[in-house]
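One structure is given below, encoded as structure tokens.
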Amino acid sequence: GAPQGAEYGTFHGDGGSAGADGRRAHVPSSCRSSAPQLSSPLAGSADLPTTKREADLEFENQRLRGLIDAMRTRPGNDVKDALGSSEDSLNMAPSLAAEAGDEKAPAASSRSDSSQVSKVFNDYGIDASANLNVLMGSALPMTGWWKALIYVLALGGVVFVLFAKAAHIGESRSATHHVAFTVHRLTGAEAALMLIQVAYSLTVAGLAAFFVALVNMPLILGYLIAGVVVGPQCLDIVHKIDDIQEFSELGLVFLLFMIGLELDFGELLKMGKVVIGTGVLQFPICAALHIGVFLGLESAFGLSIGMGVYSTMYVGVACALSSTIIVVKMLSEFSEMDTVVGRLTVGVLIFQDVWAILVLAIQPDLDDPQLLSILYTLSMILVLIVVACWYAKFIMPVIFTFSSRSAELMLVIALSWCFFLCCFATLPFVGLSMEIAALVAGAALATFPYSHEFNAKITYIRDFFVTLFFVGLGMQITQPSAELIAKALLVGLVVLAVRWVGIFGVVCVLGGGNRLATVSTINLSQVSEFSLVICTLGRQHAHISETTLSLVIWTFAILAVVSSAVLPHNYAIYGFLSRLGRKLLGKQISSPKGGNANEEIRGHTDRSILLLGFDKTAAMLLAHFHAHGAHLLPRVHVISLNDHLIPQLRDLGVTFAYGDISSPDVLEHAHH
């Protein structure tokens with residue numbers, strides 16, 4: 001085996017274990033017979049640990065099971081008592097901490113213990129690698145009213161701090177203290193106003209997001225609720241959004257930069273006519289239908305969608321975009337990113353991002369839509385793209401090559417690149433927004449093998465600022481009225497109806513088939529977080545009123561809740577609609593024509609062999625493929641920090657991505 005800490009190459013084929021993408025590559029018998037044998041003696045039994053790490057975790061599982069059982073049967077015991085009472089049961093269990101493969105544990109005992117441990121872990125929702133001493137010293141193993149009392153006290157402490165700030169308790173004393181001790185900050189009396197408001201905003205955001213996550217709703221809803229709570233509509237801790245807006249807008253820059261990192265235009269062109277046709281047509285069709293329906297409702301029933309010259313247009317355009325965060329999260333959880341439906345769904349989302357770039361480009365000139373002004377803006381965007389591509393072609397590869405040995409330096413350079421283009425865009429004679437520049441900066445790096453690593457590292461910075469951004473959006477929500485909620489429900493119904501025309505109809509016309517069209521339509525039936533960005537910028541340009549922005553936010557929230565509940569059952573809904581259609585029409589619903597849609601959507605080569613890291617074993621495997629199974633090489637994808645391998649791998653037809661295989665985010669991107 002490879003030495004401890006080395007990168008391991010993993011391969012899956014027929015008769016092997018499935019890799020990150022969940023599929024198996026066909027490997028000829030000649031290749032299998034002479035390929036390196038990496039399986040352990042226990043690999044034949046799915047119920048037994050095959051590595052020392054798995055054995056250690058199984059042993060910890062048994063130990064935790066004994067502790068929890070002891071705490072359940074003897075509620076008065078502390079952790080030490082539980083350890084003593086559970087010692088016998090642990091001693092009776094076979095020692096699994098020995099090196100895997102040295103001895104076989106009884107299969108029946110392993111299956112029994114595994115099922116009991118799984119039940120305990122499912123009951124408590126905890127991970128096998130949790131620190132047992134810390135876990136068992138917490139309120140988790142307690143029972144009855146003691147546990148409830150501790151939880152209530154903890155929640156009460158947070159609520160007390162919030163209401164103390166909202167009620168200005170002790171502020172006069174704090175002001176006196178501030179005058180007397182201006183040179184000291186030990187009590188926090190001199191903390192900047194923005195820092196205090198950011199602290200309260202993040203405190204409430206964390207609390208709201210936790211409760212929202214308990215009911216499996218998108219975290220964005222928790223952030224919006226936090227904005228309502230700390231904003232002027234409720235506790236009035238943050239008196240106006242301007243107090244944190246400049247700080248929170250960095251989240252928008254990071255968000256658009258990361259969206260740009262996913263915009264590989266080369267891959268878009270390989271997705272086939274179903275994805276390209278749907279992506280190109282969906283947005284204009286949905287936007288036009290939304291605007292037409294809203295104008296019709298206003299003329300027929302006097303139902304105004306919002307105040308402002310461009311309110312109807314903004315709502316129509318905003319509702320034509322779908323939520324990347326919600327959809328990609330759901331597809332990832334159900335491992336559907338690499339399916340035909342997943343590829344079509346993600347492809348449409350990418351095209352929606354491209355359409356959003358055009359909206360952002362013409363948005364500042366809506367007040368005075370002169371042709372020359374619009375052409376000048378578009379020409380400056382073209383100049384920005386040319387500058388970005390020139391740097392990405394000739395300069396950035398050199399810089400990344402010399403800095404690839406330091407993950408920290410790579411991250412700093414990536415951020416520096418993003419803000420360099422932002423600085424260029426904001427020059428007076430260029431006159432573009434930082435948002436567009438961030439999007440272009442990310443797209444320029446999308447084809448680099450480092451893009452997944454950048455995404456993984458920047459995610460945590462982005463999440464901090466994006467949280468503040470959506471908290472700020474929540475502060476702008478006006479006090480809900482029956483009329484506003486009714487309008488949001490109506491707009492939501494219009495969005496759901498129009499999606500069937502703009503997505504289902506287009507996919508069917510292009511030959512995608514009813515199943516693909518139905519499931520993709522269900523997946524994309526919500527409003528995008530990008531829509532909130534567009535409407536927020538529209539509010540800053542005085543194109544729409546706060547009422548219109550609140551309407552879009554409420555529509556987003558309602559459809560996000562509905563979508564989160566519906567998406568896990570999208571195939572069941574298709575089955576129900578299919579059966580209903582057969583009953584109503586009295587005939588069989590057609591299936592995709594000859595499977596052509598599947599082939600076209602797959603377009604690009606299926607990289608179903610994934611090597612995590614590249615060492616001698618991986619090099620020997622590729623050499624064997626080259627000699628005895630060359631047709632497998634185009635299906636291999638390598639993830640490693642050794643970017644000097646790129647030229648040799650490219651000559652073999654193998655793709656490469658720069659990334660740390662210990663990062664879950666890098667592995668998530670590899671899976672997709």
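Small disclaimer: the values here were computed from a predicted structure and weren't measured.
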Minimal non-hydrogen separation, Gln197 against Val238, with atom names: CB-CG2, 3.8 Å

Shortest non-hydrogen separation from Gly316 to Ile291 and the atoms involved: CA-CG1, 4.0 Å

Ser563: which of Ile326, Ile522, Ile558 passes side chain to side chain contact (heavy atoms under 4.5 Å, CB included): Ile326

Note, Leu421 side chain near Tyr391 side chain (heavy atom, < 4.5 Å): no

Closest contact, heavy atoms only, Cys508 versus Gly513: SG-O, 4.2 Å

Closest heavy-atom pair and its distance - Val317, Ala287: CA-CB, 4.4 Å

Between Tyr314 and Gln363: side-chain donor-acceptor atoms closer than 3.5 Å: yes

Distance-only side-chain donor-acceptor flag, Glu529 / Ser323, under 3.5 Å: yes

Shortest non-hydrogen contact between Leu321 and Ser531, atoms and distance: CB-OG, 3.7 Å

Plane angle bin for Trp390 and Phe394 - parallel if under 30°, tilted between 30 and 60°, otherwise perpendicular: tilted

Heavy-atom check, side chain of Leu490 versus side chain of Leu303, under 4.5 Å: yes

Ser322 side chain to Arg499 side chain, donor-acceptor N/O pair below 3.5 angstrom: yes

Nearest non-hydrogen partners of Cys418 and Val253, listed with the distance: SG-CG1, 4.2 Å

Between CZ on residue Phe464 and CG on residue Leu202, distance to nearest 0.5 Å: 5.0 Å

Heavy-atom side-chain contact between Ile399 and Trp417 under 4.5 Å: no

Separation between SG of Cys319 and CD of Gln526, rounded to the nearest 0.5 Å: 11.5 Å

Tyr376 atom OH: more than 12 heavy-atom contacts under 6.0 Å: yes

Worked verdict on Trp355 versus Val359 for side chain to side chain contact (heavy atoms under 4.5 Å, CB included): CA-CA 6 Å; Trp355 279 109; Val359 172; 5.6 Å; no

Phe469 vs Tyr223, ring-ring contact (aromatic ring centres under 6.0 Å, His included): CA-CA, chis, key distance, verdict: CA-CA 9 Å; Phe469 175 77; Tyr223 305 151; over 10 Å; no

Spatial distance of atom CG (Leu295) from atom CE (Met313) [nearest 0.5 Å]: 11.0 Å

